S.K.: 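Okay, handing you the structure first.
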Amino acid sequence: GCAVVSVPGRMFHVEIHHWDEVDKLVGATSIERRVRKGLPVSIEEESDEEEIVDSESSSDSDSESDSSIKKKIVEESHLLMDKPTPFDEDLVADLCIQLATSNKKEGEKEEPGQCVLVFLSGTDRIQDVEKALQRRSTRIPIVILHGNQTPEVQKQAFVPLKYGWRIVLSTNVAETSVTLPDVTHVIDVGTAKVAHWDAVSNVQSLREQTCSAASMKQRAGRAGRVRAGHCWRLYSPTITCAIPSGLNVRSWIKKNKRGYVEVEPYDEPEIRRVSIEGCILKSMLLMSGSTDKISGLVRPTISPMRFLSLCMQPPTQKSVALSLRRLVELQCVVEISNEYVLTPLGAALARLPVDIHLGRMLLMACMLGISEDILGIVSALSCRSPFLKAPEVEIGFIRQQRWKLVLAETGALVPSDHILLLAVLKRYSKLHKIDKDIRSRGGESDEVWDFCCAYRLSRRTLEEMSAIKGLLRDSLIAGNW
């Protein structure tokens, strides 16, 4: 019953090209390329495709006789597409060069600078394509764009050429976060790395998976921001298939549509992809009712399972049950009369804006009187890594400089990543204070910038780590720790 505000966006026309058109443009079929690269070519895949056609034709012939049955079955629409072929960096490199060279006709007036934007799943794929382009000795400028770069390198992607072509190899950071002004061609490999949490093993990892239909549309739209463009998809078009509701989609595809994979309409919600232990603790504290004065146990007014089931796309009951079991093992929650009750430790962790395992480490450090150093380590572990990718020729020198920093700031001789993060944060805090004092007296100083350049560090991440450290310190003070 709420009001809906619709804000239409404007985009130039983008022509979509799929796998068959890519083969024609580059001049080699997918099977020929797989043979050339030594990849397996299974006859079963081709027979599967024939069986799909046969099954579809037979289903059409039997449609009249089964029409009465089909009317009684509730069906849901699902997007399917052919199972993508293995990643081929040579195909991507050939396509980039073909697009950048075939569009220029002899005697034609040179157009303003244009860009081929390639969406790849990670930095490893970016390196593979970059090496494939270098093997072809192309003179076309190649720009790399991902999150673990220095700001100077990232800025190169936003400076368009006045004339000619360039190739930008990017992760999904260019999908929504940034806009490149000269993109006219987009190459979409159709995959992305997404963080997933395994509820059974309690391990979070990055998995390469097929993009959602919304991501495919968003990537294609990058080519139509400032002018008309083209999107080259290295996969087949999606088809809409009606599947009886209540059936396992993967099992149905394996039985009826072999050689196909499902395409989700939208990306999976984060609450179904990450650990929800901290979310459960915060929900129990938020819905807290009576508190026992002797034991300090907090009884919520609504169970955590019931609370999370009210979400639009709630997590599975299995993941909630496993998370509650782990919280019981961590002594954050106890089960009394088939009801989960929050312990004083769980209430204290719920008030800290940090992962519960890091929160336990922080509370233990407070009891042992070493809170300041652990506070810095916890703040660093709560952010992404501040270390930027250094050129190969500088890696050895940078590594030596960083361990000299550890010795100077902490006196530790143990090669520990946690001690290194603590040393970096300590030096940053000192230099930030020096810059602040000099500027307050009207001078100019930027020691932090020189420090970040010398050690290949992200200034933005260090600022975030410092802010989290201050926030955690305030939370500990408020909790009388």
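Please read these numbers as outputs of a predicted model, since none were measured by experiment.
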S.K.: Which pairs, with at least one residue in residues 433-445 and sequence neighbours excluded, count as a salt bridge (Lys or Arg N to Asp or Glu O under 4.0 Å)?
M.R.: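 Qualifying pairs: R439-D446.
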
S.K.: Over all heavy atoms of both residues, which pair between C279 and L308 is shortest? Give the atoms and the distance, please.
M.R.: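 For C279 and L308, the tightest heavy-atom pair comes out as SG-CD2, 3.9 Å.
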
S.K.: For F451, which residues count as a ring pair (Phe, Tyr, Trp, His ring centres under 6.0 Å) partner, sequence neighbours excluded?
M.R.: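 Ring pair (Phe, Tyr, Trp, His ring centres under 6.0 Å) list for F451, sorted by chain: Y455.
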
S.K.: Can H196 and Q209 be counted as having a side-chain donor-acceptor contact under 3.5 angstrom?
M.R.: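 The answer is yes; a qualifying pair exists.
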
S.K.: I'd like to know if the side chain of S215 and the backbone of C211 have a donor-acceptor N/O pair within less than 3.5 Å.
M.R.: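 Absent.
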
S.K.: Examine distances only and state if a side-chain atom of R273 and a backbone atom of V194 form a donor-acceptor pair shorter than 3.5 Å.
M.R.: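 No: the side chain of R273 does not pair with the backbone of V194.
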
S.K.: Is there a donor-acceptor contact under 3.5 Å from the side chain of T410 to the main chain of V406?
M.R.: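 Flag set: sc T410 to bb V406 pair under 3.5 Å.
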
S.K.: Can you name the closest pair of heavy atoms from A223 and V14 and give their distance?
M.R.: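 Where A223 meets V14 most closely, the heavy atoms are C-CG2, 4.0 Å.
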
S.K.: Considering residues, nucleotides and ligands other than R207, do more than 12 of their heavy atoms fall under 6.0 Å from its CZ?
M.R.: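 For R207, atom CZ is crowded (more than 12 foreign heavy atoms under 6.0 Å).
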
S.K.: Show your working on side-chain contact (heavy atoms from CB on, under 4.5 Å) between R125 and V92 and close with a plain yes or no.
M.R.: CA-CA 11 Å; R125 300 297 193 195; V92 178; over 6 Å; no

S.K.: Please find the pair of heavy atoms, one from V333 and one from Y340, that lie closest to each other, and give the distance.
M.R.: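 V333 and Y340 have their closest heavy atoms at CG1-CD2, 3.6 Å.
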
S.K.: Got a donor-acceptor contact below 3.5 angstrom from the T343 side chain to the Q331 backbone?
M.R.: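 Confirmed, T343 side chain pairs with Q331 backbone.
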
S.K.: For L457 and L388, run side-chain contact (heavy atoms from CB on, under 4.5 Å): C-alpha distance rounded to whole Å, both residues' side-chain angles, the deciding distance at 0.1 Å, then the answer.
M.R.: CA-CA 6 Å; L457 300 169; L388 300 174; 5.9 Å; no

S.K.: Applying salt bridge (Lys or Arg N to Asp or Glu O under 4.0 Å), can you list everything that pairs with K404, at least two apart in sequence or on another chain?
M.R.: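 Partners of K404 under the salt bridge (Lys or Arg N to Asp or Glu O under 4.0 Å) test: none.
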
S.K.: For V298, what residues pass the side chain to side chain contact (heavy atoms under 4.5 Å, CB included) criterion, not counting sequence neighbours?
M.R.: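 V298 satisfies side chain to side chain contact (heavy atoms under 4.5 Å, CB included) with S288, T291, L342 once adjacent residues are dropped.
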
S.K.: Side chain of S416, backbone of H418: donor and acceptor closer than 3.5 Å?
M.R.: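 Answer holds: yes.
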
S.K.: Please step through side-chain contact (heavy atoms from CB on, under 4.5 Å) for the pair R402 and L420, ending with a clear verdict.
M.R.: CA-CA 7 Å; R402 287 172 179 172; L420 175 58; 3.9 Å; yes

S.K.: Taking all non-hydrogen atoms of both residues into account, name the closest pair between W481 and A348 and its distance.
M.R.: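 For W481 and A348, the tightest heavy-atom pair comes out as CZ2-CB, 4.0 Å.
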
S.K.: Can you check whether L462's main-chain N or O pairs, donor with acceptor, with S466's side chain at less than 3.5 Å?
M.R.: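 No; judged by distance alone, with no hydrogens or angles, the pair does not exist.
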
S.K.: Ion pair present between E372 and R473, side-chain N to carboxylate O less than 4.0 angstrom?
M.R.: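 Counted as a salt bridge, because a side-chain N and a carboxylate O are separated by less than 4.0 Å.
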
S.K.: Looking at E463 and R459, is any side-chain nitrogen of the basic one under 4.0 Å from a carboxylate oxygen of the acidic one?
M.R.: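 Salt bridge between R459 and E463, a charged N being under 4.0 Å from a carboxylate O: yes.
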
S.K.: Where do V183 and V186 come nearest, in terms of heavy atoms and distance?
M.R.: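 Closest heavy-atom pair between V183 and V186: CG1-CG2, 3.8 Å.
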
S.K.: What pairs with Q218 under side chain to side chain contact (heavy atoms under 4.5 Å, CB included), at least two apart in sequence or on another chain?
M.R.: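 Scan of Q218 (side chain to side chain contact (heavy atoms under 4.5 Å, CB included), adjacent residues dropped) gives E175, T176, R222.
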
S.K.: Once the angle between the rings of W165 and H185 is folded into 0 to 90°, is it parallel (under 30°), tilted (30 to 60°) or perpendicular (over 60°)?
M.R.: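 Rings of W165 and H185: tilted, 30 to 60°.
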
S.K.: Test your reading of the model: is there a side-chain donor-acceptor pair from R456 to the backbone of C452, 3.5 Å cut-off?
M.R.: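 No; zero donor-acceptor contacts below 3.5 Å.
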
S.K.: Regarding K193 and E208, does a basic nitrogen lie under 4.0 Å from an acidic carboxylate oxygen?
M.R.: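 The answer is no: the pair does not qualify as a salt bridge.
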
S.K.: Can you tell me if S319 and T316 form a side-chain donor-acceptor pair at under 3.5 Å?
M.R.: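 Side-chain D/A pair, S319 to T316: present.
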
S.K.: Check whether any side-chain N or O of R360 sits under 3.5 Å from a backbone N or O of L330 as a donor-acceptor pair, and report yes or no.
M.R.: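 Indeed, once roles are kept as given, a pair shorter than 3.5 Å links the two residues.
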
S.K.: Does the distance from a Lys or Arg side-chain N to an Asp or Glu carboxylate O, for E464 and R384, drop under 4.0 Å?
M.R.: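 Salt bridge: no.
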
S.K.: Distance-only, no hydrogens or angles: does the R399 side chain make a donor-acceptor pair with backbone N or O of E394 under 3.5 Å?
M.R.: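 A pair under 3.5 Å: no.
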
S.K.: Which residues pass the salt bridge (Lys or Arg N to Asp or Glu O under 4.0 Å) test with R135, sequence neighbours left out?
M.R.: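 With sequence neighbours excluded, R135 shows a salt bridge (Lys or Arg N to Asp or Glu O under 4.0 Å) to D90, given in chain and number order.
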
S.K.: Is T171 reaching over with its side chain to a backbone N or O of S121, donor-acceptor style, under 3.5 angstrom?
M.R.: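 Such a contact is absent between T171 side chain and S121 backbone.
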
S.K.: Find out whether I142 and R166 are in side-chain contact, i.e. whether some heavy atom of one side chain is under 4.5 Å from a heavy atom of the other.
M.R.: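 No, side chains not in contact.
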
S.K.: Can L234 and W19 be said to form a side-chain contact (heavy atoms from CB on, under 4.5 Å), step by step?
M.R.: CA-CA 5 Å; L234 305 187; W19 184 250; 3.9 Å; yes

S.K.: Would you please say whether a donor-acceptor pair under 3.5 Å links the side chains of E277 and S323?
M.R.: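 Distance-only check fails for E277 and S323.
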
S.K.: Compare every heavy atom of P314 with every heavy atom of S309, then report the nearest pair and how far apart it is.
M.R.: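 Heavy-atom minimum between the residues: CA-CB, 3.9 Å.
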
S.K.: Should we say atom CD of Q317 is surrounded by more than 12 heavy atoms from elsewhere, each under 6.0 Å from it?
M.R.: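 Not buried by this count: 12 neighbours or fewer within 6.0 Å.
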
